[in-house]
Amino acid sequence: MNFLYKVPGYILLLFGGFCLSWGGLIIRQFQEAGVWEILLLRSFFFLIALILFLFSTYKNKTFKIIKDAGLPALIGGFFLSLSFVSYTFAIISTSVANVVFIISTQTIFLAIFGYFFLKEKISLISFISIVLAMVGITIMMADSMSSKSLFGNIVALAIPINFSILVVIIRKFPKLDMVPAIFYSGILASIYGLILSDNLIFSSHDIFMGFILGVPQLAFGFICITIGSKTTKAVTVGILMLSETLCAPLWVWLFLNEIPPLSVFLGGFVIILAVII
């Protein structure tokens with residue numbers, strides 16, 4: 001897997017966003033598994049893929065890197081695991097477009113958390129972006145006030161918030177290798193699924209969907225984004241990650257004919273505009 005470090009960062013980020021964009025469509029393909037069962041299968045295969053990547057990349061230094069990451073990586077992994085839980089619940093409870101548009105606000109939450117926890121100033125343009133993003137979310141929320149998708153939208157907000165907390169922790173401890181945080185997130189999410197699943201007997205179809213969801217979609221996506229972010233400017237990372245936001249609604253429209261209300265696209269347009277600004 002070392003060849004990935006030779007690939008230009010922007011290509012890895014685009015490919016990582018492309019991989020993540022298939023999550024909604026794949027979750028829609030499960031036949032019998034519920035939310036916690038899907039989380040368990042996804043996290044299990046994700047964890048296996050990540051372990052293989054760690055040992056193939058760091059070899060005999062793997063355990064040392066995990067140990068050196070210490071408590072910050074464990075805390076970061078905890079918040080990332082909550083994002084995994086939120087993502088699964090949100091995709092099942094609302095439209096894929098709602099979820100990915102809300103996820104794209106992570107750039108906005110990074111600015112807010114950076115101000116409070118890293119003492120980074122918010123420029124006038126950043127402030128305008130934050131206001132625009134909140135307007136976009138409000139438009140999307142208002143349309144779902146009387147439907148079950150409101151729950152999905154609220155849960156989806158936890159995804160960019162938890163991910164932003166992880167990034168703040170990474171920036172707070174820049175000398176630590178925080179790849180172990182992703183490793184911990186897989187362990188924790190697997191534990192959640194194992195404890196809370198109603199049934200641990202899975203059909204071969206759902207197991208295969210869990211593999212597709214955990215390895216090509218999640219593991220490949222996160223690995224490419226983690227490596228690509230090291231050589232790409234932060235602002236460029238946010239723009240390139242919009243590939244997930246733009247592709248995810250397209251897949252469920254093409255394959256499942258899932259078309260969300262016009263208000264979702266209107267709110268999503270406002271959010272993307274805020275992120276680009």
Side-chain angles (χ1 to χ4, degrees), residues 19-55 66 73-96 98-100 102-103 144 147-163 165-166 179-223 225 244 248 251-252 255-256 258:
C19 289
L20 294 180
S21 70
W22 292 91
L25 176 63
I26 298 171
I27 287 179
R28 294 281 194 270
Q29 305 305 310
F30 280 85
Q31 295 178 342
E32 301 174 10
V35 173
W36 295 111
E37 289 79 14
I38 293 174
L39 178 68
L40 173 59
L41 290 171
R42 185 192 197 214
S43 303
F44 172 76
F45 285 111
F46 167 69
L47 186 58
I48 296 298
L50 193 60
I51 289 173
L52 293 175
F53 172 76
L54 287 172
F55 278 99
I66 294 175
L74 182 59
I75 296 174
F78 168 72
F79 283 105
L80 185 58
S81 71
L82 296 182
S83 285
F84 292 166
V85 175
S86 303
Y87 181 84
T88 307
F89 268 94
I91 287 292
I92 290 179
S93 304
T94 188
S95 72
V96 171
N98 280 51
V99 176
V100 294
I102 290 175
I103 288 176
S144 60
S147 66
K148 74 168 188 176
S149 62
L150 176 62
F151 171 76
N153 290 343
I154 294 174
V155 171
L157 267 176
I159 303 171
I161 291 174
N162 284 306
F163 184 78
I165 293 174
L166 168 64
V179 171
I182 305 175
F183 170 71
Y184 288 133
S185 70
I187 294 177
L188 292 171
S190 297
I191 292 174
Y192 305 153
L194 184 62
I195 294 176
L196 298 172
S197 292
D198 293 326
N199 183 15
L200 297 179
I201 300 176
F202 307 104
S203 66
S204 56
H205 172 84
D206 284 356
I207 291 175
F208 179 69
M209 287 297 105
F211 170 79
I212 297 296
L213 194 61
V215 181
Q217 189 262 336
L218 189 61
F220 285 2
F222 262 90
I223 288 170
I225 290 169
E244 176 189 6
W251 305 145
V252 290
F255 295 102
L256 300 177
E258 179 181 302

Is there a side-chain contact (heavy atoms from CB on, under 4.5 Å) between Phe78 and Tyr184 once you walk through the steps? CA-CA 7 Å; Phe78 168 72; Tyr184 288 133; over 6 Å; no

Assess whether side-chain contact (heavy atoms from CB on, under 4.5 Å) is satisfied between Phe89 and Leu39, documenting all intermediate values. CA-CA 9 Å; Phe89 268 94; Leu39 178 68; over 6 Å; no

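- A donor-acceptor pair under 3.5 Å is formed between the side chain of Gln217 and the backbone N or O of Leu20.
- A heavy-atom distance below 4.5 Å is not found between the side chains of Met209 and Gln31.
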side-chain contact (heavy atoms from CB on, under 4.5 Å) for Leu82 and Leu188? Distances and angles first, verdict last. CA-CA 9 Å; Leu82 296 182; Leu188 292 171; over 6 Å; no

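- Within 6.0 Å of atom CD1 in Ile201, 12 or fewer heavy atoms from other residues, nucleotides or ligands are found, so the atom counts as exposed in its surroundings.
- Here the CG atom belonging to Leu218 is positioned 4.5 Å from the CZ atom belonging to Phe84, to the nearest 0.5 angstrom.
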Could you go through Ile92 and Ile38, starting from their C-alpha distance and side-chain angles, then the distance that decides it, and tell me whether this counts as side-chain contact (heavy atoms from CB on, under 4.5 Å)? CA-CA 10 Å; Ile92 290 179; Ile38 293 174; 4.0 Å; yes

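- By the neighbour-count criterion of 12 heavy atoms within 6.0 Å, atom CZ of Phe44 is sparsely surrounded, having that number or fewer from other residues, nucleotides or ligands.
- By the 30° and 60° cut-offs, the orientation of the rings of Trp22 relative to Trp251 is parallel.
- Residues Asp206 and Glu37 fail the side-chain proximity criterion, which asks for heavy atoms closer than 4.5 Å.
- The main-chain N or O of Ser81 is never found under 3.5 Å from a side-chain atom of Ser185 such that the two would form a donor-acceptor pair.
- Side chain of Ser190 to backbone of Gly186: a donor-acceptor contact under 3.5 angstrom is found.
- Looking at heavy atoms from C-beta onward, Asn153 lies in side-chain contact with Ile102 at the 4.5 angstrom threshold.
- Take Phe202 and apply the ring-ring contact (aromatic ring centres under 6.0 Å, His included) test, not counting sequence neighbours, and it matches no residue.
- Contact check for Phe46 versus Ile182: side-chain heavy atoms found under the 4.5 Å cut-off.
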